[in-house]
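Just dropping this structure here.
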Amino acid sequence: MVEPRLSRGLRDLLPDTMLARQRMIDTIRGVYELYGFSPLDTPAIEYLDVLSGSAGEDAQQQIFQVTNPEGEALGLRFDLTVPLSRVVSQYPDMVFPFRRYQVSSVWRADKPEPGRYRQFTQFDLDSVGAESDVADTEILAAMCDTLDALKVGPYIVRFSSRRILNLVLDYAGIAHDGGPAVFRILDKLDKIGLDKVKLELTTGYRDESGAPIAGLGLSSDQVEKIERFLGIKGASRGEVLKQLRALFANVENAQEEIDVIERISSHLESLGYGSDRVAVDLTIARGLAYYTGPVFEANLLDAPQFGSVFAGGRYDDLVKRFTGRSIPATGASIGVDRLLAALIELGRIEQPKTTSQVLVTAMDGGLMSEYLAITYELRRAGIRTEIHVGAPKRLGKQIQRADRLDIPYVVIMGSDEAQRGVVTVKEMIVGREKAADVGSHEEWKAGRFGQQEIARTDLVKTLRQLLGQ
RNA sequence: GCUGGCGUAGCUCAGUCGGUUAGAGCGCCUGAUUGUGGAUCAGGAGGUCGCAGGUUCGAUUCCCGCCGCCAGUACCA
């Protein structure tokens, strides 16, 4: 015997989760297609060097490695952006800008944590070959439209730019190769607070468990400048940018970089995406090394514990690895599983247990072909119907299935009804509402709650009415 | 990866200061009801006490290792 089990960080998605998830994915796809993006799929497995070129050694440890029968080193993709950059490099005849969406599983050999799995699904939207800030504007707007379509409740999309962060390095007099380490700390601002960020930038500290956190050893003058930058806050995007212009008045190239953000902001403004839901937030950095320009991040205000559920940015150099030429690109990615978990937690998505709308019970073995006929009559009328296919069972057991799976209607026909040319339609919700008021089981059975007897010929019509179709 | 805690039925947990047959609640199955979900009642199934080794006459209990889970921390392209 083999113990049925899954390797850590992997999980099954049972029907109730899948039905909610498919609904969510359909909604997202609808928005992406409204924007005129087209689908792409790529293999789960890629050559290891194709995947890992953009990553350091640390990152490579996070790749699940695979070998093919020919003994070549392969790996499971860890995101959808790297395969996309391979695709656009491999098909030079493609029509650019290439605007694609992709919803697929990715794998990371991380330590699993609540809400974090080793296999998870991303839903990406990217424009490759799109240099203009219109492309970035579209991505930000699509993020808003998607979150609206999903009815997630209040949310905030925040954006900044990698280039602005590089300006901070200049402003504070920090070498650019020290950037990633600084950005990684700034990215934690929300989580650990300003005081600890300052300590990490300077001397480091010991956390509650006594573990040492290394510091970067920046000077107090440098930290003060970073703090001044992080302190920029405003009620609107315009106000934030105004303060930023003042702070960087003497930093070379700063005004041009701020112009880029300003243009995106004013496009958004004229389209009705106001500062209440799309903010310029200079503290977002994104851990990713490959971003080169604007970066985006969206959070749900009612479920902040889920972190960013939708994020992305501009990555103009990723394709260069394959072609030697830069192709400008920008996009964003939804953490499907994380967003779904948030929607379920917030009760903003239904989790049906089945697709069935009607259960046709089988009471009399001699009428089986009649039950099948009824079932197909309903199916051909577009009503999602299942028929009792298990071992012969008492009617109560069959109805119990409808109760447990939330199948709203049950069709009952015994030999008596068959002879008279009628069927009984039972509306399950009625009994559920009466259950608390009924004492004895005799009374419960005799109640025949929610049942009506109708002519067999009226079955489709009646169910259509009940279902509101 | 590091530090600490915890692994007993499908779930939540009790218990064994090392000793005959390891329990409860919930859930599940069957019946009371060969044509009706809920409630109630009666009965039933389900455990190599995480895995392997050691100590012992005897280990689910004590010791060691491994695996898994949880919390914190690091990392997260």
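Each chain gets a letter, A, B and so on, in the order the sequences are listed, and its residues count up from 1.
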Item to complete: May I ask you to say whether E257(A) pairs ionically with R163(A), meaning some side-chain N is under 4.0 Å from a carboxylate O?
Response: yes
If you restrict it to nitrogen or oxygen atoms, what contacts under 3.5 Å exist between nucleotides 26-28 of chain B and the protein, and what is each distance?
unit_1	atom_1	unit_2	atom_2	d
C28(B)	OP1	R404(A)	NH2	3.4

Worksheet entry | Nearest-Å distance for atom pair CZ/P, residues R116(A) and C75(B) |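 In whole Å, C75(B) P and R116(A) CZ are 11 Å from each other.
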Practice prompt. Please identify each residue that fulfils side-chain contact (heavy atoms from CB on, under 4.5 Å) with S132(A), with sequence neighbours left out.
Written response: V134(A)
Worksheet entry | Atom-pair distance (CD on Q400(A); C1' on U30(B)), nearest Å | 12 Å
Worksheet item: If only side-chain N and O atoms of K111(A) are considered, is one of them under 4.0 Å from the OP1 or OP2 phosphate oxygen of C2(B)?
Response: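 It does not, given that no N or O in the side chain of K111(A) lies less than 4.0 Å from OP1 or OP2 of C2(B).
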Worksheet item: How do K397(A) and A402(A) order along RNA chain B: which one's closest nucleotide is nearer the 5' end?
Response: K397(A)
Worksheet item: Between C75(B) atom C1' and R184(A) atom CZ, what is the distance in whole Å?
Response: 8 Å
Worksheet, complete the sentence: Its dot-bracket string being built from Watson-Crick and G-U pairs below 3.5 Å, with | for another strand and [ ] for crossing, RNA chain B has the pattern (((((((..((((.....[...)))).(((((.......))))).....((.((..]....)).)))))))))....
For nucleotides 32-35 of chain B, list the nitrogen or oxygen atoms of the protein found under 3.5 Å from its nitrogen or oxygen atoms, one pair per line.
unit_1	atom_1	unit_2	atom_2	d
U33(B)	O4'	K445(A)	NZ	3.4
U33(B)	N3	H441(A)	NE2	3.0
G35(B)	O6	E417(A)	OE1	3.3
G35(B)	N1	E417(A)	OE1	2.8
G35(B)	N2	E417(A)	OE2	3.1

Fill in: With sequence neighbours excluded, residues passing side-chain contact (heavy atoms from CB on, under 4.5 Å) with L165(A)
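side-chain contact (heavy atoms from CB on, under 4.5 Å) check on L165(A) returns R162(A), F183(A), L186(A), F229(A), A285(A).
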Worksheet item: At under 4.0 Å, does any side-chain N or O of K188(A) touch on OP1 or OP2 of C75(B)?
Response: yes
Worksheet item: Can a side chain N or O of R432(A) be found less than 4.0 Å away from OP1 or OP2 on G38(B)?
Response: no
Worksheet item: OP1 or OP2 of U36(B) less than 4.0 angstrom from a side-chain nitrogen or oxygen of W444(A), does that happen here?
Response: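 For W444(A), the contact criterion (side-chain N or O under 4.0 Å from OP1 or OP2 of U36(B)) is not met.
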Practice prompt. Pull out every residue in residues 325-347 of chain A that has a heavy atom closer than 4.0 Å to any atom of RNA chain B, ordered by number, or say none.
Written response: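 When residues 325-347 of chain A is checked for heavy atoms under 4.0 Å from RNA chain B, there are no hits whatsoever.
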Item to complete: Would you indicate which nucleotide in A74(B), G37(B), C76(B) comes nearest to any side-chain atom of D110(A)?
Response: C76(B)
